[in-house]
Amino acid sequence: NVAKPHRNLIRLLSSGNYEVTTPLNFINGARVDSIDPVELIDVIEPATGKVICQMPESGTSDVNEAIKSSRQAQVAWADLSGFERGKLLSKSALLLKQKQEEIARIEVYDTGKPIQEARMDVQTAIDALEYYGGIASTICGQHFNLSNGSFGYTRREPLGVVAAIGAWNYPIQIAAWKAAPALAGGNSVVCKPSQFTPLSAVSLAEVFTEAGFPLGLFNVVQGGAVTGNTLTGHKGVAKVTFTGSVETGSKVMGSCARDIRHVTLELGGKSPLILFNDCDITNAINGALNANFFSQGQVCSNGTRVFIHKDIYEEVVGNLVQRTQAIKHGDPHHEQTKMGAMINPQHADKVMGFIERARQEGAEILCGGELVKMEDPVLHGGSYISPCIISEYCFDEMEISREETFGPVMNVYSFQSEEEVVRRANHSKYGLASGVFTNDLKRAHRVAAKMEAGSCYVNNYNIFPMEMPFGGFKQSGLGRENGTVTMDYFTQLKTVYFEMNDVDSPF
Ligand code: NAD
């Protein structure tokens, strides 16, 4: 009974009616066709399985063009003061804010995540531009007074062209989190988004152009492993900043090692979240849900191993199951949808494989873990997995406890003592994040200090303020994103010694 104009609006803001007709490489201030595509890749709308466009696996000539134009732009850009660079970054933040809804919609077509989350993702990109716009003018070195009037100082200098390679789960956020500090530091960027989510990086490039950035300062080349590998091995690239899996990260690091190229790696995780029996149970349950079900569970920092003290185990798990079963699954463009589609059928099969093998190994599935057919026929080509909780009978050594599932799958385990849970929480090759819910101050600090992870959340989870550094221990990565410390990873330090006296020599 919805009035016709309103029905049309709902249809427009639903999945299945979007196509991309413009080229997706962006070089020197404009969208351009690939010069030498290695092949054409179908870009799928996850919600429907529909092909929304084809894009190139960009070849060597495309990468060469992008790096050449990026290098030219970088030289002039590095001559600006940090304050001048910062003003343009701040302006781009304002322009991105004006396009927040448009780009959030693009992100939904590309990723299958709910619109409400996509809006938050664009906001985190805006925040990055604003934050690094603000601190660009503060990038500086140190001054040293030496003997007899001599002195020294350090300069933080740009690296040159930065290759930014992204994963598909947070495309606009990843592009902006890499671009903002790189540009603030006087570098230029050649961005290669994931081949599964090519769209929003190009929108970001258009925003930068509109803001008045030099043409070529932020270029985009599309493609998968071939284009990525060409970039990471390119002599014109000074640094690679990479977000993706450990397996690919290792290849990227190997490729950078050949020419001793700088590299930052933001990789996967299998993070622990510990709920002690003295915690606020309602907050802990909310925290555990937030730690697992954003973006259909496809979040690197997710606290997928939830350790719950035996005294509160039954109560917490009962609540978690109830809340998880109530999660509204559906068209990611609809406002009430809380969980959308998996990125593609191949990834959904991988996640279902983890769940099936866990079942075979003896784990009990408390809820979800099924491929769901949506009522709306438009969505039948998408892959939807009902959010899943796997019980205590999933032991620490099972594959589901060790490997990154990267889907809507929460494992719950019960524990008895602090010593036991710290040991079990750290029993992982990963070390991206960790969390603890407790009202005991001393315990909170003690456990946070013991976590072998780049972040530890106390009484919350999956919060990413721009000023707080983020990155991994162990195989979860190298370097940091966000915060002022990230400028160290996007600049190089020069030491200048200044002699004020005559020079003696023994020769
Ligand atoms: P992936 O490793 O398959 O791909 C990541 C990127 O690398 C893509 O752009 C891909 O095209 C490119 N690539 C593939 N082979 C390459 C090669 N040989 N050389 C250079 N580039 C190459 O990862 P994914 O499936 O896109 O993303 C999921 C992974 O990303 C998960 O492990 C997740 O935890 C991780 N992730 C980490 C963070 C973080 O901040 N730590 C954030 C988001 C995602």
Side-chain angles (χ1 to χ4, degrees), residues 38-39 41 43 46 55-58 63 110-111 113 121 124 128 163-178 190-198 201 220-234 237 240-258 261 263-271 294-304 342-344 346-348 350-351 354 403-407 428-433 453-455 462 464 468-482 486 489:
V38 178
E39 60 170 331
I41 301 171
V43 179
M55 56 149 230
E57 173 90 55
S58 300
V63 171
D110 230 4
T111 62
K113 70 171 67 187
D121 293 0
T124 64
I165 298 178
W168 44 259
N169 57 342
Y170 284 85
I172 185 77
Q173 179 185 87
I174 290 172
W177 282 15
K178 294 181 180 324
V190 176
C191 176
K192 191 206 80 62
S194 166
Q195 64 274 31
F196 301 125
T197 53
V220 182
V221 283
Q222 304 287 356
V226 174
T227 313
N229 193 40
T230 310
L231 269 172
T232 59
H234 200 290
V237 169
V240 177
T241 168
F242 172 83
T243 297
S245 61
V246 172
E247 193 189 355
T248 312
S250 163
K251 288 185 198 156
V252 167
M253 198 171 170
S255 175
C256 291
R258 282 199 290 276
R261 192 165 290 121
V263 62
T264 293
L265 301 173
E266 291 287 349
L267 308 177
K270 188 79 192 178
S271 299
F294 284 120
S295 221
Q296 296 73 247
Q298 303 162 134
V299 183
C300 54
S301 54
N302 268 0
T304 45
M342 304 299 288
I343 188 70
N344 54 40
Q346 294 76 12
H347 184 63
K350 197 173 154 195
V351 174
F354 278 120
E403 299 301 327
E404 184 180 42
T405 322
F406 223 53
S428 174
K429 64 187 172 192
Y430 297 109
L432 191 56
S455 303
N462 270 346
F464 305 98
M468 303 269 292
F470 179 75
F473 280 17
K474 303 191 210 173
Q475 289 189 22
S476 290
L478 278 183
R480 290 292 176 270
E481 290 191 330
N482 302 348
T486 294
Y489 296 98

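One-based numbering, in listed order, for ligands and for the atoms of each. Computed from a prediction, not measured in an experiment: that's the story for all the values here. All residue numbers in this chain count up from 1 along the given sequence. Side chains included, hydrogens not; waters and symmetry mates left out as well; all remaining heavy atoms used.
In this structure, the protein non-hydrogen atom closest to atom 7 (O) of ligand 1 is Phe242 CE1, 3.2 Å. Protein heavy atom nearest atom 23 (O) of ligand 1, with residue, atom name and distance: Ser245 N, 3.4 Å. The nearest heavy-atom contact from the protein to atom 19 (N) of ligand 1 is Asn229 N, 3.5 Å. When hydrogens are left out, the protein atom nearest atom 34 (O) of ligand 1 is Glu404 OE2, 2.6 Å; that is the closest non-hydrogen contact. Of all protein heavy atoms, the one lying nearest to atom 18 (N) of ligand 1 is Lys251 CD, 4.0 Å. With hydrogens left out, the protein atom closest to atom 10 (C) of ligand 1 is Gln195 OE1, 3.6 Å, a heavy atom. Of the protein's non-hydrogen atoms, Leu267 O, 2.8 Å is the one closest to atom 41 (N) of ligand 1. In terms of protein heavy-atom proximity, atom 36 (N) of ligand 1 is closest to Cys300 CB, 3.5 Å.
Here is the list of ligand 1 atoms found below 4.0 Å of a heavy atom in Val252: 20 (C). Which parts of ligand 1 touch Asn169 is read off a 4.0 Å heavy-atom cut-off, strictly below it: atoms 43 (C), 44 (C). In the vicinity of Gly268, heavy-atom distances shorter than 4.0 Å reach the ligand 1 atoms 32 (O), 34 (O). Those atoms of ligand 1 with a heavy atom of Lys192 less than 4.0 angstrom away are 8 (C), 9 (O), 10 (C), 11 (O). Per-residue contacts place Ala167 under 4.0 angstrom from the following atoms of ligand 1 (heavy atoms of the residue considered): 26 (O), 27 (O), 30 (O), 44 (C). Heavy-atom contacts of Trp168 reach the following atoms of ligand 1: 24 (P), 25 (O), 26 (O), 27 (O) (cutoff under 4.0 Å). The ligand atoms of ligand 1 that sit less than 4.0 angstrom from a heavy atom of Gly166 are 5 (C), 6 (C), 8 (C), 9 (O). Residue Gly228 has at least one heavy-atom neighbour below 4.0 Å for each of these atoms of ligand 1: 19 (N), 20 (C), 21 (N).
Using a 4.5 Å heavy-atom cutoff, the side chains of Asn302 and Asn462 are in contact. Under the 4.5 Å side-chain criterion, counting only non-hydrogen atoms from C-beta, Pro46 is not in contact with Met342. A heavy-atom distance below 4.5 Å is found between the side chains of Asn344 and Phe196. With a 4.5 Å cut-off on side-chain heavy atoms, Trp177 and Glu481 count as touching. Side-chain contact check for Lys350 versus Thr405: every heavy-atom pair is 4.5 Å or farther apart.
Thr232 places a side-chain N or O within donor-acceptor distance of the main-chain N or O of Asn229, the cut-off being under 3.5 Å.
The pair Lys270-Glu403 fails the salt-bridge criterion, with no side-chain N (NZ, NE, NH1 or NH2) lying under 4.0 Å from an Asp/Glu carboxylate O.
The cationic atom of Lys113 (NZ for Lys, CZ for Arg) lies less than 6.0 Å from the six-membered ring centre of Tyr170 and within 45° of the ring axis.
Lys192 is linked by a salt bridge (charged side-chain N to carboxylate O under 4.0 Å, His left out) to nothing, counting only residues two or more places apart in sequence or in another chain. Remark: Phe473 engages no residue in a ring-ring contact (aromatic ring centres under 6.0 Å, His included) (not counting sequence neighbours).
Of all the heavy atoms in Arg261 and Val237, the pair that sits closest is NE-O, 2.8 Å.
Distances shorter than 4.0 angstrom occur between a heavy atom of Phe406 and an atom of ligand 1. Every heavy atom of Gly477 sits 4.0 Å or more from the atoms of ligand 1. Contact between Phe196 and ligand 1 is absent, with no heavy atom of the residue lying under 4.0 Å from the ligand.
In this structure, a donor-acceptor pair under 3.5 Å is absent between the side chains of Ser476 and Lys429. A donor and an acceptor atom, one from each side chain of Thr230 and Thr227, are nowhere located under 3.5 Å apart.
Looking at Leu231, Ile165, Thr243, Val246, it is Thr243 that brings a heavy atom closest to atom 5 (C) of ligand 1. Checking Ile343, Thr248, Ile41, Asn482 against atom 17 (C) of ligand 1, the nearest heavy atom belongs to Thr248.
Taking distance alone, with nitrogen or oxygen atoms compared against 3.5 Å, Thr232 stays at or beyond that limit from ligand 1.
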